[in-house]
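Notes to accompany the following structure.
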Amino acid sequence: MESMLGESVIDALVVPPNEQIEALYRLARLGNMEDVLRWSNRLDALDERYWPFADQLRALAKGYQSKAILNFAKRYYLDETETSLDHDTSTLDRK
């Protein structure tokens, strides 16, 4: 059970800012489900648009799906990192 939601629903989630995803990625690597739950609850307080994202994480953490959480975090962490790198490269190309 890799994910509780279908791929199209996951793709539609509003993703928090990169610094939040980076923090989640670090927590996911440590594998502490209580820390992931606390992070998800704090995310709820940031913006209601992140509720579905946080709910997905809470469901995974409550099911002790540490590998799924790591993959979930990695997906968005790498997407953001690659986007940032693409942006930085295009800025350098224009100089």
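Along the sequence shown, residues carry numbers from 1.
- Hydrophobic clustering (ILVMFWY, side-chain heavy atoms < 4.5 Å, transitive): L46 and W39 are in one cluster.
- Here the options are L13, V14, L57, the test is side-chain contact (heavy atoms from CB on, under 4.5 Å), and the partner is P52; only L13 passes.
- Side chains of P16 and I21 form a contact here, defined as non-hydrogen atoms less than 4.5 Å apart.
- Put simply, OG on S40 and CG on L27 are 9.0 Å apart, with the number rounded to the nearest 0.5 Å.
- Inter-residue side-chain proximity for F53 and L24 is flagged as met; some heavy-atom pair is nearer than 4.5 Å.
- With rounding to the nearest 0.5 Å, the separation of CG in N71 from CD in Q65 is 10.5 Å.
- Closest approach of A28 and A73 over heavy atoms only: CB-CB, 4.2 Å.
- No side-chain heavy atom of V15 sits under 4.5 Å from any side-chain heavy atom of Y50.
- The pair R58-D44 meets the salt-bridge criterion, with a side-chain N (NZ, NE, NH1 or NH2) lying under 4.0 Å from an Asp/Glu carboxylate O.
- Qualifying ring-ring contact (aromatic ring centres under 6.0 Å, His included) partners for Y25, counting only residues two or more places apart in sequence or in other chains: Y77.
- Under the 4.5 Å side-chain criterion, counting only non-hydrogen atoms from C-beta, L60 is not in contact with M33.
- One distance of note links OH of Y76 with NZ of K74; it measures 15.0 Å at 0.5 Å rounding.
- Following chains of ILVMFWY side-chain contacts shorter than 4.5 Å, one cannot reach L37 starting from W51, and the two form parts of different hydrophobic clusters.
- Within the structure, side chain to side chain donor-acceptor pair (under 3.5 Å) pairs that include any residue of residues 26-36 comprise D35-R38 (at least two apart or interchain).
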